[in-house]
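Side chains are part of it too, since the values below use all heavy atoms of this structure and drop only hydrogens, waters and symmetry mates.
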2 protein chains.
Amino acid sequence: MNKISDKKIERIITYRRVLLRLDKQLGKTHVFSHQLASSSGASSAQVRRDLMEIGYTGSPAHGYEIRGLLDSIGEFIDPDQKEGIALVGVGNLGRAIIDYFNGQSSKLEIVTVFDVNPDKIERVISGCRSYHVKDLKPVIIEKKIKTAVITVPSGSAQSVADELIEAGVKGILNYAPITLTVPHGIYVENRDMITTLEKVSYFAKNNTNK
Amino acid sequence: MNKISDKKIERIITYRRVLLRLDKQLGKTHVFSHQLASSSGASSAQVRRDLMEIGYTGSPAHGYEIRGLLDSIGEFIDPDQKEGIALVGVGNLGRAIIDYFNGQSSKLEIVTVFDVNPDKIERVISGCRSYHVKDLKPVIIEKKIKTAVITVPSGSAQSVADELIEAGVKGILNYAPITLTVPHGIYVENRDMITTLEKVSYFAKNNTNK
DNA sequence: TTCACAGCGTTATATTTTTCACAATTTAAA
DNA sequence: TTTAAATTGTGAAAAATATAACGCTGTGAA
């Protein structure tokens with residue numbers, strides 16, 4: 001398979017979200033590239049290019065058949081079976097993410113959480129069994145978890161990441177305000193909210209266009 | 001001023017975070033481009049290019065003087081005076097963001113929050129006065145708020161965005177899983193966690209490299 | 001003092017990503 | 001049946017972004 005870029009994958013996932021709404025909520029059966037584009041912040045050419053990448057073909061007359069396209073995207077993006085995700089750091093943010101995420105994705109689910117606070121371990125938090133961080137490695141290995149979310153303070157984020165990677169995790173979504181150092185082959189997405197909000201504020205005042 | 005790209009701004013903000021740590025925690029006075037690069041996930045050429053953009057000059061012998069560079073970045077990025085930010089949607093996520101953010105940024109502060117739940121309005125939540133969403137427009141106008149965070153369910157995100165924009169907001173950080181439609185000149189950053197986690201999971205299993 | 005070196009600033013080159021543009025296709029109306 | 005209109009798929013062009021390359025400068029060792 002040809003390598004496919006970060007941005008493209010993100011757009012394709014967004015198309016799916018839009019398609020699901022068109023299908024389930026609005027009962028549509030077909031959609032044109034420009035409609036998909038305007039509902040997902042892309043251009044119509046971009047949509048056509050992206051769908052070309054996953055090999056789905058529409059018709060000039062009716063556009064894309066929604067159900068079929070959803071299936072194609074699913075085959076392309078989704079794991080073969082349900083996949084468990086771990087979350088480390090059960091603070092406000094961690095808990096918010098668990099509540100917000102679980103139930104929203106068909107194949108992915110946060111199944112295991114870790115913390116250092118004794119009050120928060122060996123319990124069930126929003127349906128997830130919680131463990132002490134010292135047990136991180138064996139638990140992650142045993143559950144064959146490949147994707148993890150880090151919501152710990154910045155001081156411990158790197159060491160948590162190291163342990164996750166040693167335990168076999170290949171993808172990390174990091175909310176700590178620090179740039180993680182990881183080996184090749186490990187995918188990290190940084191979502192530091194402070195940086196983001198500073199950026200938005202910058203462009204709010206330097207809004208020449210976009 | 002020349003337009004400067006989204007990515008560049010984000011990197012520059014990240015450099016600042018690294019520089020602050022080097023200064024305050026490690027007591028360093030100078031830093032080389034390759035050090036800044038490895039601590040912020042960029043390349044050294046990128047660092048030099050970015051700093052060129054803001055017009056700060058280092059020396060081949062000692063690299064960049066940290067304090068001076070911090071000042072330059074601040075002049076470039078920061079607003080002239082303290083700036084208030086609004087947050088709409090006081091659920092778990094909203095509250096987590098308020099707690100997480102406030103106190104972390106020198107010039108920005110979430111000062112006003114909105115919700116529709118009567119239990120959550122006309123109170124002080126984590127130091128922020130809360131209002132009913134129906135009062136959004138007058139309050140935003142009165143406080144001259146230009147940047148807002150949306151953490152409401154996807155069904156109401158667009159109408160909230162419309163009102164924010166009518167009230168003069170120019171930058172929106174959107175956590176609702178929907179692509180907002182906004183006029184030209186309004187900057188929107190989408191941070192849907194579901195999309196992000198799906199992407200990370202995808203690259204966790206298709207980890208050819210990065 | 002002279003030399004070698006390391007790192008800056010900047011221009012040039014390469015790569016990636018987006019947009020443009022248009023032939024081919026399908027429908028619906030004339 | 002022919003024509004007109006709209007949209008797809010995709011090569012080609014353009015724009016944006018990242019990397020490489022290199023002269024220049026200051027430092028420290030010989």
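With no hydrogens or angles considered, a side-chain donor-acceptor pair links A/D50 and A/Y15 at under 3.5 Å. In the model, B/N92 has no side-chain atom that pairs as donor or acceptor with a side-chain atom of A/Y100 under 3.5 Å. Side-chain polar atoms of B/T151 and B/R95 form no donor-acceptor pair below 3.5 angstrom. A donor and an acceptor atom, one from each side chain of B/Y187 and B/D6, are located under 3.5 Å apart. Side-chain contact annotation: B/R191 with A/T196, donor-acceptor N/O pair under 3.5 Å present.
The nucleotide whose nearest atom lies closest to any side-chain atom of B/P60 is, among C/dT25, C/dG9, C/dG7, C/dG7.
Taking side-chain N and O atoms only, B/R11 has a distance below 4.0 Å to OP1 or OP2 of D/dA18. Distances shown here put a side-chain N or O of B/K3 below 4.0 Å from the OP1 or OP2 atom of D/dA16. The phosphate of C/dT16 has neither OP1 nor OP2 within less than 4.0 Å of any side-chain N or O from A/K8. Regarding contacts with the backbone of C/dG7, every side-chain N or O of B/S59 stays at 4.0 angstrom or more from both OP1 and OP2.
The NE2-C1' distance, from B/H30 to C/dG7, rounds to 13 Å in whole Å. Note: CD1 (B/I9) to C1' (D/dA16) measures 16 Å, nearest angstrom. At whole-Å resolution of the value, NZ in B/K7 and P in D/dA15 are 18 Å apart. Protein atom NE2 of B/H62 is 12 Å distant from nucleotide atom C1' of C/dG7, rounded to whole Å. For the pair B/L51 CG and D/dA18 P, the interatomic distance rounds to 14 Å; values are reported in whole Å. Atom CD1 of B/I54 and atom P of C/dT10 are 13 Å apart (whole Å). C/dT16 atom C1' lies 13 Å from atom CG of A/D6, rounded to whole Å. What separates CD of A/E53 from P of D/dT8 is a distance of 17 Å, to the nearest Å.
Each of A/A61 and B/G58 has a nearest nucleotide on DNA chain C; the 5'-most of these lies closest to B/G58.
Contacts of residues 42-50 of chain B with DNA chain D (heavy atom under 4.0 Å): B/S43, B/Q46, B/R48, B/R49.
Inter-residue side-chain proximity for B/Y175 and B/V149 is flagged as met; some heavy-atom pair is nearer than 4.5 Å.
The local environment of NZ in A/K107 is crowded, with over 12 non-hydrogen atoms from other residues, nucleotides or ligands closer than 6.0 Å.
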